[in-house]
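Just so we're on the same page: letters track the sequence lines, and every chain starts at 1. Just so it is clear, the model here is predicted, and its values are computed rather than measured.
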2 protein chains.
Amino acid sequence: MLAALGHPQRLRIIARLAEGRVHVSELARRMGISRPLLYMHLERMEKAGLVTGDLELSPDGKAMKYFQLVPFDVRLSVDTVLDALRADEVAQRDEAARMDQGSRNDDREGPDDMQEPRS
Amino acid sequence: MLAALGHPQRLRIIARLAEGRVHVSELARRMGISRPLLYMHLERMEKAGLVTGDLELSPDGKAMKYFQLVPFDVRLSVDTVLDALRADEVAQRDEAARMDQGSRNDDREGPDDMQEPRS
DNA sequence: GTCACCTGTCAGTGTTGACTAACAGGGTGC
DNA sequence: GCACCCTGTTAGTCAACACTGACAGGTGAC
């Protein structure tokens, strides 16, 4: 999420979306950037949970993808960063364990040299 | 600042520095990354005001650069993003005006160095 | 039919970022 | 002298990102 916010263009997208939901082409026109570029940014932001997109049909039958802002309010401090890191560590360990479980019955790849350098 | 935080490696640096001040070589060793790479990250973070570095002489006379964390506590929401954007807009406008002034008065630049935008 | 909208995706390009190996220099201690 | 710490900077590689132009497809209005 921080990576998604760490780009001026994307912050400006947030500012535009704060005024209300817009469809992609209109937003690209207002911001003066190309549509594919806007797509990339929106995709990133959607993955980060900052925006959501809905494909709707306008009254005259045209398909339009409307994006809108997902309100967020996060406290960003040393402690929250530490907590997030710990949570991520646990999540990765769980995922690794799940992968290990899967590969035990399925396909034996890496022998044992992929040991995580923990300290 | 968000760009500086938007990288996992740098978040891990924060975690390490949260345990206390360390000098560069030691930190690089603990994290298992090369020293120049660590330099780059630290430089970025120092520019963002997240860490500070002090070159000190250890008791045995060796020069060592100790880095330490600058505690931060920021609220990150749609409104704060909007405020930051507005502030940045104003700052850029001022800078543009100053540049214009400078070019008008020949080479009138320099006495006031990098004004930091964040408080 | 053509025009004017829209969506989605592709192959490209230039730039920035992340990263490594290797350098030069300075101290202490032997 | 050499070995072992540290700092700071360079050149260079490699992958990811930011971005553009052009494509294919859809719809309704003229």
Whole-Å gap separating P (dA18(D)) and CG (Leu38(A)):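 Nearest whole value for this atom pair: 13 Å.
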
Interatomic distance where CE belongs to Met45(A) and C1' belongs to dA18(D) [whole Å]: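 In whole Å, dA18(D) C1' lies 15 Å from Met45(A) CE.
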
State whether the side chain of [X] and the backbone N or O of [Y] hold a donor-acceptor pair below 3.5 Å, judged by distance alone.
{"X": "Arg10(B)", "Y": "Ala3(B)", "answer": "yes"}
{"X": "Ser77(B)", "Y": "Phe72(A)", "answer": "no"}
{"X": "Glu46(B)", "Y": "Gly53(B)", "answer": "yes"}

How would you list, by chain and number, every residue that makes a side chain to side chain donor-acceptor pair (under 3.5 Å) with Glu43(A), sequence neighbours excluded?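 With neighbours one apart ignored, the set is empty.
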
Contacts of type side chain to side chain donor-acceptor pair (under 3.5 Å), residue Asp83(B), not counting sequence neighbours: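 Testing Asp83(B) for side chain to side chain donor-acceptor pair (under 3.5 Å), a comparison that skips the adjacent residues, returns Arg86(B).
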
Could you write nucleotides 6-11 of chain D as a row of B, S and -, 5' to 3', where a protein heavy atom under 4.0 Å of any base atom gives B, of only sugar-phosphate atoms gives S, and otherwise -? SBBBB-

Of all pairs that satisfy ring-ring contact (aromatic ring centres under 6.0 Å, His included), the ones with a partner from residues 9-41 of chain A, not counting sequence neighbours: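 Residue pairs passing ring-ring contact (aromatic ring centres under 6.0 Å, His included), neighbours aside: His7(A)-His41(A), His23(A)-Tyr66(A).
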
Check ion pair Arg16(A)-Glu26(A) (N to O, under 4.0 angstrom):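 Salt bridge: no.
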
Heavy atom of residues 5-14 of chain B under 4.0 Å from DNA chain D: which residues?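 Heavy-atom contacts with DNA chain D come from no residue of residues 5-14 of chain B; none.
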
Measuring only between side-chain heavy atoms, which start at C-beta, is Asp54(B) closer than 4.5 Å to Lys65(B)?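 A side-chain contact is absent here, since even the closest heavy-atom pair is not under 4.5 Å.
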
With a 4.5 Å cut-off on side-chain heavy atoms, are Asp73(B) and Thr80(A) touching?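 With C-beta onward as the side chain, the pair stays apart.
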
Smallest separation among heavy atoms of Ala48(B) and Ala4(B), with atom names: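 Scanning both residues completely, I find the closest heavy atoms to be CB-CB, 3.6 Å.
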
Name the first nucleotide and the last nucleotide along DNA chain C (5' to 3') that come under 4.0 Å of a heavy atom in chain B.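 It runs dG17(C) to dT28(C).
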
